[in-house]
Colleague: 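If you scroll down you'll find the structure; I have some questions about it.
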Amino acid sequence: MKTIYMDYSATTPMKPEVIEAVSDAFKHHYGNASSIHHIGQDAKVLLQQAREQVARLIGAEPREIFFTAGGTESDNWAIEIALETKPGKHIITTSVEHHAILHPLEALEKKGYRVTYLPVDEYGMVSPEQVAAAIEDDTILISVMYINNEIGSINPVEEIAEVAAQHGILFHTDGVQALGNIPIDMSANQISMMSMSAHKIYGPKGVGALYIRKGVRTVPLIYGGAQERKVRAGTENIPGIIGFAKAAELARENLTAHIERLSGLRDKLRDGIMNQIPQAKYNGHPTKRHPGNVHVCFKYIEGESLLLLLDMKGICASSGSACTSGSLDPSHVLMNIGLTHEIAHGSLRLTLGDFTTEDDVATVIEEIGPIVQRLREMSPLTE
Amino acid sequence: MKTIYMDYSATTPMKPEVIEAVSDAFKHHYGNASSIHHIGQDAKVLLQQAREQVARLIGAEPREIFFTAGGTESDNWAIEIALETKPGKHIITTSVEHHAILHPLEALEKKGYRVTYLPVDEYGMVSPEQVAAAIEDDTILISVMYINNEIGSINPVEEIAEVAAQHGILFHTDGVQALGNIPIDMSANQISMMSMSAHKIYGPKGVGALYIRKGVRTVPLIYGGAQERKVRAGTENIPGIIGFAKAAELARENLTAHIERLSGLRDKLRDGIMNQIPQAKYNGHPTKRHPGNVHVCFKYIEGESLLLLLDMKGICASSGSACTSGSLDPSHVLMNIGLTHEIAHGSLRLTLGDFTTEDDVATVIEEIGPIVQRLREMSPLTE
Amino acid sequence: MYNKKVMDHFMNPRNVGEIADPDGMGEVGNLKCGDIMRIYLRIDPTTDVIEDIKFKTFGCGSAVASSSIATEMIMGKTVEEALKLTNKDVLKELGGLPTIKVHCSVLAEQAFKAAAYDYATRHDKHYAALENYSPEEAEHDHHHDEDED
Amino acid sequence: MYNKKVMDHFMNPRNVGEIADPDGMGEVGNLKCGDIMRIYLRIDPTTDVIEDIKFKTFGCGSAVASSSIATEMIMGKTVEEALKLTNKDVLKELGGLPTIKVHCSVLAEQAFKAAAYDYATRHDKHYAALENYSPEEAEHDHHHDEDED
Ligand SMILES: Cc1ncc(COP(=O)(O)O)c(C=O)c1O
Ligand SMILES: Cc1ncc(COP(=O)(O)O)c(C=O)c1O
């Protein structure tokens, strides 16, 4: 059975060019970039080139890119930077952030910090006005995600960054889902820090970066050696970073085509589902949206069952249903955009990517109807 | 010119079997282990198998292995665990730890913690008695490295772990240089936590683990998703972890032969250098020593110049000299074993590994004499 | 995630459906928790043997599989015998569930109890196992253990 | 790490060695900092032209290269002219050094000054550039900038 992978927001397969770049580095560029011999110096040069590639994707300067082990570390680090460089006890974020932001902030609340979790609108978005109104005297950080990983809505982060800048407050955005999926130009905005992750843009897992604007004071989250201008210790994962750079290069070259093609497929998939299945709700913003994100809730059925039946047809998808996460409640995102439990439990996220074909979309549209139908027949809730 | 790589303690090239395992995972096992579809579940199974392999190398249970992004993160995490789970403000370590231990501890000192940096003997070692004598009422952690990364001496960590256990204090060891280079059996000692790094045992960079003994309370260093039993968030780097596991498997299978062969080469190299070059000092313990570590200081010359001239002959080595690190003083390790600046500046670390041949050793012995000679002729210090 | 048997019962659930004019019917769970199970019983009033059982479930894979296997285990037993089945038996018969899913097996036990209670009330039957049973308190009790191993 | 010119001067240093009975000799640096340079001068007393210069250096690649290129720049100049050379000139001639190594180029400037001072003292010469010079204060001043970019 053919696998139809529609879970690109969870992780992406690596592109062949990326695999080749990493494998080549495995074989030929194994040096420690801190070593002064030729094997080490070779690694150091490649590290710098990689930094330039990643910087180019977001219109940053190379020295504003700090490599990490992924989006989660970058998020945690951004918070630590605010904590350790700014006096104050108040942080503003949204109620629909990824756990990589919410959980470290919850840990800080236990240590006496105050966190404002801004409520979101029906699309999961916040406005610059909301953010402005939440600022207090001792606000040290505003962190608002660029694109929501579940429902794909794009926040007005550039405007929010302006508000933050006017108040002299650090502004961080979790850009993990945005990178490579929308144009980002750091030279034209006032974002202080942005988290990135390679494995969401066809790069390797375990590699990410934090963009830190020139002039922002920095402290390490992970202390040790003098790598990354002394603020992120640990022998650099050169092959992984080279893979990230290759993925960034491809993302930059293909950005316009990528967005156009994916948006087309996305809308086709959305229409194919919504026109066919009654009692379904399409979530997330209709236009300000991740190009590959389709998110629907089907009444009367439960998400995990839906995923399992889709999987039996080879279709890989995801859900914000409670059962998939082992928690009682459906995802905080679905609850916070105001969905009832009834509808939130039946959530389905299909995320498309560069290997998704028209045929894949057609197959999913074909298969999903009978599956929803079957689960509804089994459900005691169906009216 | 042929490269003769003798910097295995800085980082190792990956073994072909490891490269193959990782490359295969890149192509075929790209799933996110949290996803419930078959691509995700496949990743989850491989993750568990990898955990078992790494556990076997050190006689641990799989659930005592927590994957991280490397040795540095593991070291930082171990400290954080002590900090957040134990009441108390005092930590004991040694003056010759890796910066991945020293720097986070220095940061803690600024926050009101007290740190005892135990002095070491001429070999860079501490004794269980020294550790016992340093324990205070509010000691929350003892951290002593297993094998020193510069001069290769092996500390009596099992005995020190016993002392810690008798006092009910957490004992952590930085096992980065020990893993795969000496037999380690966690089922037969009382070490609470041990840091490991894949790229020092022919595995990929950017992957490591922290061994945490069953029953030791744990908190995250990096907060977010529920990965690694909820204490180390971030999408698992499955290909990297698979590579670590393959490297661990090979290390376990070859351990005895690896130690025997390397020790032989090491002693041959030591003798070849020491018998030939006067005014040289061999550092580190003569027998309780990393099987691949040769560390010598040459009077009248400076380490970086030596490395550069060796590099011109294709020989990759390392030095604790001040100039290679951009700091004023030679490495803290060399200062702390009581070397004078005069001798410490001329340090050379040659670390051998599984790809080192008898020929390599012979070549280095042949090349090094004239190079030292040449630098001494150029030196105003030579008597 | 699930073993073969669980997957088989999920993919091909036995006894799905409704019984018109059932002798007993019970429903437990709630929307908040994300799983709801309804059981219909056809019972021979003289022998007390459960002649037919059908279920409808809203829930995850293990909720469906637990429902399915529980109906198989219950079918043909007397009410008294069937009331002895616990979620442990369901779990065992399924060959185990992931720890975070164990609570789903409780659902089936509770739904059957609710249906048997309905039957007992309507047919004025008394079962020791239902002596202290109160439909209000029987709310399917979720105690998620989130440890994944 | 180093550019081609630096590596060339490190690998093939010009004017290494000693001058017997030199007209001036100077040494700066210390063991603690890890670099020491000694300069020997042969000077024509009538023209003040530096006819020969030799050096010995204990130090890293950039210390050796700086020494080498500095001797090349100094050779043939008058003492007055040579005293105008600064570490900036040495750096420029080398095509730059890594930031953390810039201090090494100061070593050459200082060592020459010390040698010229020795010559001036012994031959009762006076140079404006040495007016406020004191050999004690001239200890090669290390100001390591550890930023790697
Ligand atoms: C919005 C968002 N932030 C952070 C992360 C964490 O990134 P990583 O898995 O690289 O740690 C993810 C994905 O998992 C994400 O979607
Ligand atoms: C003793 C020791 N501890 C910690 C580390 C750090 O490990 P990593 O480079 O994987 O972060 C190293 C090597 O760099 C080491 O030798």
Side-chain angles (χ1 to χ4, degrees), chain A residues 1 7 10 99 103 279 281 297-332 334-335 339-348 367 370-383, chain C residues 1-2 4 6-18 25-40 54-68 71 97-104 107 111 114-115 140-149:
Chain A
M1 190 180 49
D7 202 10
H99 285 151
H103 286 170
Q279 305 271 40
K281 184 176 180 316
C297 286
F298 301 104
K299 242 177 143 173
Y300 312 133
I301 68 177
E302 195 279 329
E304 188 199 279
S305 291
L306 183 56
L307 294 194
L308 289 173
L309 290 177
L310 285 168
D311 193 38
M312 287 296 136
K313 300 286 181 185
I315 300 164
C316 297
S318 142
S319 167
S321 92
C323 266
T324 59
S325 65
S327 83
L328 271 177
D329 285 315
S331 101
H332 62 292
L334 302 184
M335 292 286 92
L339 300 189
T340 61
H341 279 91
E342 186 182 6
I343 183 103
H345 281 298
S347 62
L348 177 69
E367 297 285 2
I371 288 175
V372 169
Q373 180 63 20
R374 176 177 164 178
L375 286 170
R376 283 182 171 171
E377 275 165 15
M378 200 191 290
S379 170
L381 301 174
T382 309
E383 275 147 21
Chain C
M1 187 162 61
Y2 296 127
K4 277 209 180 113
V6 174
M7 279 313 284
D8 176 41
H9 276 273
F10 170 70
M11 293 301 293
N12 313 294
R14 329 310 192 229
N15 307 309
V16 178
E18 301 180 26
M25 194 194 91
E27 181 174 307
V28 294
N30 63 52
L31 261 175
K32 198 151 180 301
C33 298
D35 39 17
I36 295 177
M37 180 183 180
R38 187 186 295 162
I39 279 186
Y40 302 86
K54 291 254 186 282
F55 79 92
K56 283 202 161 189
T57 289
F58 163 87
C60 62
S62 48
V64 173
S66 300
S67 306
S68 165
T71 59
L97 284 175
T99 315
I100 53 163
K101 298 291 190 177
V102 167
H103 69 279
C104 295
L107 200 67
H140 159 211
D141 101 281
H142 263 288
H143 52 104
H144 288 248
D145 179 350
E146 300 198 15
D147 195 331
E148 293 218 28
D149 290 54

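Lettering follows sequence order; numbering is per chain, from 1. All values derive from a computational prediction rather than experimental measurement.
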Colleague: A:Arg374 versus chain C, heavy atoms under 4.5 Å apart: side chain, backbone, both or neither?
Modeller: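 Only the side chain of A:Arg374 comes within 4.5 Å of chain C.
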Colleague: Between A:Met378 and chain C, with a heavy-atom cut-off of 4.5 Å, which part of the residue counts as in contact: side chain, backbone, both or neither?
Modeller: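 Interface part for A:Met378: both.
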Colleague: Provide the closest heavy-atom pair for A:Ser319 versus A:Gly303 in the form atom of the first, atom of the second, distance.
Modeller: OG-CA, 3.7 Å
Colleague: Please determine, among C:Leu31, C:Val16, C:Ile36, the option with the most heavy-atom pairs under 4.5 Å with chain A.
Modeller: C:Leu31
Colleague: Where does A:Leu306 contact chain C at under 4.5 Å (heavy atoms): side chain, backbone, both or neither?
Modeller: neither
Colleague: Identify, with sequence neighbours excluded, every residue that meets salt bridge (Lys or Arg N to Asp or Glu O under 4.0 Å) alongside C:Arg38.
Modeller: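 Counting only residues at least two positions away or on another chain, C:Arg38 forms a salt bridge (Lys or Arg N to Asp or Glu O under 4.0 Å) with C:Glu27.
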Colleague: Quick check on C:Met7 against chain A: is it the side chain, the backbone, both or neither that has a heavy atom closer than 4.5 Å?
Modeller: side chain
Colleague: Is C:Ser62 close to chain A through its backbone or its side chain, or both, or neither, when contacts mean heavy atoms under 4.5 Å?
Modeller: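 Just the backbone, heavy atoms under 4.5 Å.
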Colleague: What part of C:Pro13 gets within 4.5 angstrom of chain A, counting heavy atoms only: side chain, backbone, both, or neither?
Modeller: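 The side chain, not the backbone.
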Colleague: Can you list the residues that meet the ring pair (Phe, Tyr, Trp, His ring centres under 6.0 Å) rule with A:His99, with sequence neighbours excluded?
Modeller: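 A:His99: ring pair (Phe, Tyr, Trp, His ring centres under 6.0 Å) contacts with A:His103, A:His332.
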Colleague: Might you point out which heavy atoms bring A:Asp311 and A:Cys316 nearest each other, and give the distance in Å?
Modeller: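 Shortest heavy-atom separation between A:Asp311 and A:Cys316 comes out as OD1-SG, 4.4 Å.
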Colleague: What part of C:Tyr2 gets within 4.5 angstrom of chain A, counting heavy atoms only: side chain, backbone, both, or neither?
Modeller: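 The side chain, not the backbone.
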Colleague: Can you see which heavy atom on A:Glu304 is nearest to which on C:Gly61, and at what distance?
Modeller: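 Nearest heavy atoms, A:Glu304 then C:Gly61: OE2-N, 2.9 Å.
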Colleague: Is the shortest side-chain heavy-atom distance between A:Leu307 and A:Leu348 below 4.5 Å?
Modeller: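 Of all side-chain heavy-atom pairs linking A:Leu348 with A:Leu307, at least one is under 4.5 Å.
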